[in-house]
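Here's the structure we're looking at; comments come further down.
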Amino acid sequence: MNIKNKIDKNCIDLNLKSTNKEDLLKELIEVLYKNGIVYDKEGFFKDVCMREEIGPTSIGNNIAIPHGKSPYVKKLCVAIGKVDNGVKWNDINNSIVSFIILFAVPESENSKVEMKLMSDICIKLADDCICEKLIYSKRKEDIVEILS
């Protein structure tokens, strides 16, 4: 799978303003909505929150990978956001997150495709150097290159 095809630069916001997890998720969902990926912001937000209740999506290195499979998503896509000051992720580890990769998955999507995309990105995120580059990146193009 070509990760570049699933990361739209228009779905990257490197200047998130929110100071809590829920509002950060809403900001990223708004980005997806404005780009025609999600057609019901509240519905998708509820689906992402339901997934968050199952287990933590913070993965260390100040990064979180929230995701939701939802009937309100038109096509598989990734929204990426960065907040300058880390935000409490409210998980069992009291994680602080400053870089978020939100996976938007349509309910009809083949689980293998979704899992492959997440797996490909998570393999990259296992490298501390890549995580550091992502957190300090200032340009959307750099984010796409680092993850591809």
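Here the structure is a predicted model, which is why all the values come from computation and not from measurement. Positions are given from 1 along the sequence.
Note that CZ of Phe103 is 5.5 Å distant from SG of Cys122, once rounded to the nearest 0.5 Å. Annotation: the span from Ile146 atom CD1 to Cys131 atom SG amounts to 10.0 Å, rounded to 0.5 Å. Rounded to the nearest 0.5 Å, atoms SG (Cys77) and CD1 (Ile7) are 9.0 Å apart. Note that CZ of Phe44 and CG of Leu102 are 4.5 Å apart. Values are rounded to the nearest 0.5 Å.
Hydrophobic cluster membership differs between Ile65 and Ile100, with clusters built from Ile, Leu, Val, Met, Phe, Trp and Tyr side chains linked at under 4.5 angstrom. Residues Val105 and Ile101 fall within the same hydrophobic cluster, defined by Ile, Leu, Val, Met, Phe, Trp and Tyr side chains chained together at heavy-atom separations under 4.5 Å. Hydrophobic clustering (ILVMFWY, side-chain heavy atoms < 4.5 Å, transitive): Val73 and Phe45 are in one cluster. Val38 and Met118 are not part of a single hydrophobic cluster, where members link through side-chain heavy atoms under 4.5 Å apart. Under the 4.5 Å side-chain heavy-atom criterion for Ile, Leu, Val, Met, Phe, Trp and Tyr, Val144 and Ile37 are members of distinct hydrophobic clusters.
Leu134 has its side chain out of reach of Ile80: every pair of non-hydrogen atoms, C-beta onward, lies at least 4.5 Å apart. The shortest distance between side-chain heavy atoms of Val78 and Leu147 does not fall below 4.5 Å. In this structure, Lys116 and Asp120 have side chains that are in contact, with non-hydrogen atoms separated by less than 4.5 Å. At least one side-chain heavy atom of Ile143 sits less than 4.5 Å from a side-chain heavy atom of Phe99. Residues Pro56 and Ser95 are not in side-chain contact: their nearest non-hydrogen atoms beyond the backbone lie 4.5 Å or more apart.
The two residues Asn15 and Asp13 have their closest heavy-atom pair at N-OD1, 2.8 Å. Nearest approach of Glu52 to Thr57, heavy atoms of both residues: OE2-OG1, 2.6 Å. The shortest heavy-atom contact between Glu107 and Lys69 is O-CE, 3.6 Å. The shortest non-hydrogen separation linking Pro71 to Tyr39 is O-OH, 2.9 Å.
Among residues at least two apart or in separate chains, side-chain hydrogen bond (donor to acceptor under 3.5 Å, both in side chains) pairs with a member in residues 124-135 are Asn61-Asp128.
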Run the side-chain donor-acceptor check on residues 81-88: report pairs under 3.5 Å with partners two or more places apart or on a different chain.
{"residue": "Lys82", "atom": "NZ", "partner": "Ile135", "partner atom": "O", "Å": "3.1"}
{"residue": "Lys82", "atom": "NZ", "partner": "Ser137", "partner atom": "O", "Å": "2.3"}

Enumerate donor-acceptor pairs with a distance under 3.5 Å from any side-chain N or O in residues 23-33 to protein atoms, sequence neighbours excluded.
{"residue": "Asp23", "atom": "OD2", "partner": "Asn20", "partner atom": "ND2", "Å": "3.0"}
{"residue": "Glu27", "atom": "OE1", "partner": "Lys17", "partner atom": "N", "Å": "3.3"}
{"residue": "Glu27", "atom": "OE2", "partner": "Lys17", "partner atom": "N", "Å": "3.1"}
{"residue": "Glu27", "atom": "OE2", "partner": "Ser18", "partner atom": "N", "Å": "2.8"}
{"residue": "Glu27", "atom": "OE2", "partner": "Ser18", "partner atom": "OG", "Å": "2.5"}
{"residue": "Glu30", "atom": "OE1", "partner": "Lys41", "partner atom": "NZ", "Å": "2.8"}

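A donor-acceptor pair is defined here as one N or O able to donate and one able to accept, closer than 3.5 Å; such a pair exists between the side chain of Asn35 and the backbone of Asn10. Between the side chain of Lys9 and the backbone N or O of Lys140 there is no donor-acceptor pair closer than 3.5 Å.
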